[in-house]
Engineer: 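There's a structure below that I have some questions on.
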Protein chains: 2
Amino acid sequence: MDQLEIFKALSNKTRLQILQWLKEPELNFPDQEKYGFDNGVCVGQIQHKAGLTQSTVSEYLTIIQRAGLVTSTRVGQWTYYKRNEEAFAALSKLVESEL
Amino acid sequence: MDQLEIFKALSNKTRLQILQWLKEPELNFPDQEKYGFDNGVCVGQIQHKAGLTQSTVSEYLTIIQRAGLVTSTRVGQWTYYKRNEEAFAALSKLVESEL
DNA sequence: TTGACATATCGGGAAAAGTCGATATATCTT
DNA sequence: AAGATATATCGACTTTTCCCGATATGTCAA
């Protein structure tokens, strides 16, 4: 749990949005309904919604993953990203008691 | 409560340290014991402990103050900075439920 | 009111982050 | 094996952040 890395990951409008979108995948990524959301949402969907290039979004996802805020799962040619709720709970506690 | 502004303020090692030092002023700024800590700690003390220039530390304090994480009180020629615990509590809740 | 001290603001150079297009890699299909 | 598709990585350019020294502002004391 590297505080600084986490806060840097959160210091970007688009990355904050992505994390919020991933809170309600059904709502924010309806196109993926047919494949389910068990593993999260794949990069392409997120990219489309973010309106930035593929490379940028891929990099952003790597950043929030390295910070531990999401997990990624490769399934075939897709990589799915999903929120790591434990990390948010831990961060909340950290802010409350250690920060 | 501007999330992005808060996270940007927290994305710097020195600023994180300052906030942590301010959690226990008696412990971290013993030189100021004689003046009490009711209003917080003055810039010079913080600068000395941070080991950066006066201008840099002053700027950092402004940044965390604009983010709402500390409050400042001018007393004579000194400006005292103090943690705003309500802000941390609110941030903790935000991370837990909205982020 | 002058000088000393504390803090804030300004201007700038260096380092990091944002963002892109191009290319590499991995997987699937045929 | 070859082409198509999804994602990751690379190189470059632009914008932002870091951090400094110099200077301005505000306050106290003589």
Side-chain angles (χ1 to χ4, degrees), chain A residues 2-19 22 25 29 31-32 34-37 39-67 69-82, chain B residues 2-19 22 25 29 31-32 34-37 39-67 69-82:
Chain A
D2 180 340
Q3 304 178 267
L4 187 54
E5 187 174 24
I6 292 176
F7 291 130
K8 280 185 178 176
L10 294 173
S11 308
N12 174 280
K13 204 172 180 173
T14 304
R15 290 196 296 264
L16 279 177
Q17 283 189 73
I18 292 174
L19 289 168
L22 290 178
F29 304 97
D31 290 1
Q32 200 179 301
K34 37 185 179 278
Y35 308 107
F37 295 104
N39 291 313
V41 180
C42 69
V43 180
Q45 294 286 322
I46 298 169
Q47 188 221 325
H48 179 252
K49 185 146 180 120
L52 294 173
T53 62
Q54 190 272 319
S55 60
T56 298
V57 172
S58 175
E59 194 188 338
Y60 281 4
L61 289 168
T62 301
I63 289 171
I64 58 182
Q65 198 230 347
R66 271 203 302 261
L69 299 170
V70 297
T71 57
S72 68
T73 315
R74 182 106 202 198
V75 177
Q77 44 194 330
W78 293 276
T79 307
Y80 294 89
Y81 285 89
K82 182 170 60 164
Chain B
D2 180 338
Q3 305 176 268
L4 188 55
E5 188 174 23
I6 291 175
F7 292 130
K8 282 185 176 175
L10 294 173
S11 309
N12 175 280
K13 203 170 179 174
T14 304
R15 290 195 296 264
L16 280 178
Q17 283 188 68
I18 291 173
L19 290 168
L22 289 178
F29 303 98
D31 290 0
Q32 201 180 297
K34 37 184 179 271
Y35 307 109
F37 296 104
N39 291 312
V41 179
C42 69
V43 180
Q45 295 285 322
I46 299 169
Q47 190 222 324
H48 179 252
K49 185 147 180 120
L52 294 173
T53 61
Q54 190 272 320
S55 60
T56 298
V57 172
S58 176
E59 192 188 340
Y60 281 4
L61 290 168
T62 301
I63 289 171
I64 58 182
Q65 198 230 346
R66 271 203 303 260
L69 299 170
V70 296
T71 57
S72 69
T73 315
R74 180 107 204 196
V75 177
Q77 45 193 332
W78 293 276
T79 308
Y80 293 89
Y81 284 89
K82 181 170 62 164

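Each chain gets a letter, A, B and so on, in the order the sequences are listed, and its residues count up from 1.
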Engineer: In the structure I gave you, are the side-chain heavy atoms of B:Lys82 and B:Thr73 within less than 4.5 Å of one another anywhere?
Structural biologist: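 No, too far: nothing below the 4.5 Å cut-off.
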
Engineer: For B:Arg15 and B:Gln17, indicate whether the former's side chain and the latter's backbone hold a donor-acceptor pair under 3.5 Å.
Structural biologist: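 Checking the backbone N and O of B:Gln17 against the side chain of B:Arg15, no donor-acceptor pair under 3.5 Å is found.
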
Engineer: If you look at every strand shown and take non-hydrogen atoms under 4.0 Å, does A:Tyr81 touch a base, only sugar-phosphate, or nothing?
Structural biologist: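 Sugar-phosphate, backbone atoms only, no base.
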
Engineer: Under a 4.0 Å heavy-atom cut-off, which of residues 40-47 of chain B touch DNA chain C?
Structural biologist: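 Under 4.0 Å from DNA chain C: B:Cys42, B:Val43, B:Gly44.
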
Engineer: Tell me whether the OP1 or OP2 atom of D:dC18 has a side-chain N or O from B:Arg15 closer than 4.0 Å.
Structural biologist: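 So the side-chain polar atoms of B:Arg15 do come within 4.0 Å of the phosphate oxygens OP1 or OP2 of D:dC18, strictly under.
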
Engineer: Base, sugar-phosphate alone, or nothing: which one does B:Thr79 contact when heavy atoms must sit under 4.0 Å apart?
Structural biologist: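 The answer is sugar-phosphate, as B:Thr79 gets under 4.0 Å only of primed atoms, P, OP1 or OP2.
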
Engineer: In whole Å, what is the span from the CG atom of A:Asn39 to the C1' atom of D:dA6?
Structural biologist: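 Rounding to the nearest Å, CG of A:Asn39 and C1' of D:dA6 are 16 Å apart.
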
Engineer: What is the distance, rounded to the nearest whole Å, between atom CD1 of A:Ile64 and atom P of C:dG18?
Structural biologist: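 The answer, rounded to whole Å, is 12 Å.
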
Engineer: Roughly how many Å is it from CG in A:Leu61 to P in C:dG18, rounded to a whole number?
Structural biologist: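 It works out to 13 Å between those atoms.
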
Engineer: Using a 4.0 Å cut-off on protein heavy atoms (strictly under), produce a 5'-to-3' string for nucleotides 19-30 of chain D with B for base contact, S for backbone-only sugar-phosphate contact, and - for none.
Structural biologist: BBBB----BS--

Engineer: Send over the distance from A:Gln65 CD to D:dT7 C1', rounded to a whole Å.
Structural biologist: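 In whole Å, D:dT7 C1' lies 13 Å from A:Gln65 CD.
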
Engineer: Using whole Å, what does the distance between atom P of nucleotide D:dT17 and atom CD of B:Glu5 come to?
Structural biologist: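 About 11 Å, once rounded to whole Å.
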
Engineer: Just how far, in rounded Å, is C1' of D:dT15 from NZ of B:Lys8?
Structural biologist: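 From B:Lys8 NZ to D:dT15 C1': 11 Å.
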
Engineer: Using the side-chain contact (heavy atoms from CB on, under 4.5 Å) criterion, which residues pair with B:Gln3? Sequence neighbours excluded.
Structural biologist: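 B:Gln3: side-chain contact (heavy atoms from CB on, under 4.5 Å) contacts with A:Leu16, A:Gln20, B:Phe7, B:Leu94, B:Leu99.
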
Engineer: Between D:dA8 atom P and A:Ile63 atom CD1, what is the distance in whole Å?
Structural biologist: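 One finds 13 Å between P of D:dA8 and CD1 of A:Ile63, rounded.
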
